[in-house]
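Throughout, a chain's letter reflects where its sequence line sits, starting with A, and its residues are numbered from 1.
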Amino acid sequence: MSPTKPANKASPDKKSAAGPAKPAGPQPIVSTGYWLFKSEPDVFSWDMLKARGAAGEPWTGVRNYLARNNMKAMAVGDLGFFYHSNIGKEIVGICRVSAPAHPDPEDGTGTWQCVDVSAVAGFKKPVTLSDVKANPKLQNMSLVTSMRLSVQPVTADEWAEVCRMGGLDPKKLKR
DNA sequence: GCCAACGTTGGC
DNA sequence: GCCAACGTTGGC
């Protein structure tokens, strides 16, 4: 199974209006962790996540223990980069963990879990893999060192640097 | 399309 | 529990 988000054959089956309505007005995000989610855009793209709106999307299909453990470590409100693998090879936006790890509905074995994520903000300018590799501050990013891991941790310094490169001020992110 | 990296499987 | 074979990812 693919560590990237696999074909989501039945996305509409998920509850259409997951969760109560969001509180009105922007709120500062209090985030405890930073992550990076990889997805092949022809399977599940940033635009598709944006189209899900506040309901978000269960990040199903992860079949790798490290990636699963990363998801189990996530808290609601954690933020993540959204990376397009294969096509684009660039970080295109920021998403937010909207539900903690829960059993992957597509997994019958009870082994695999997923979190739910929703789109927060797109980058003004996507940050490409080569941009990342060319930046000395990002040499230890998992995207460079553990390229194949589909759900990766990101440090606070890496977070700030990539946001800067993408034209977003992380302090001004609102949910 | 190639192939390096690397996770998983299964024989022993 | 080792490790070779195998499958998959994903950049190039």
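- Legend: residues meeting side chain to side chain donor-acceptor pair (under 3.5 Å) with A:D107, ordered by chain and number and at least two apart, are A:T109.
- Counting only residues at least two apart or in different chains, ring pair (Phe, Tyr, Trp, His ring centres under 6.0 Å) contacts with residues 86-109 of chain A are absent.
- Residue pairs that meet the ring pair (Phe, Tyr, Trp, His ring centres under 6.0 Å) test with at least one member in residues 109-143 of chain A, sequence neighbours left out, are A:Y65-A:W112, A:F81-A:F123.
- Residue A:L129 is classed as a sugar-phosphate contact, given heavy-atom separations below 4.0 Å to backbone atoms only.
- With sequence neighbours excluded, no residue satisfies side-chain contact (heavy atoms from CB on, under 4.5 Å) with A:M147.
- For residues 133-157 of chain A, there are no ring pair (Phe, Tyr, Trp, His ring centres under 6.0 Å) pairs, not counting sequence neighbours.
- Boundaries of the chain A contact region on DNA chain B are B:dA5 to B:dT8, first to last in 5' to 3' order (nucleotide atom under 4.0 Å from a heavy atom).
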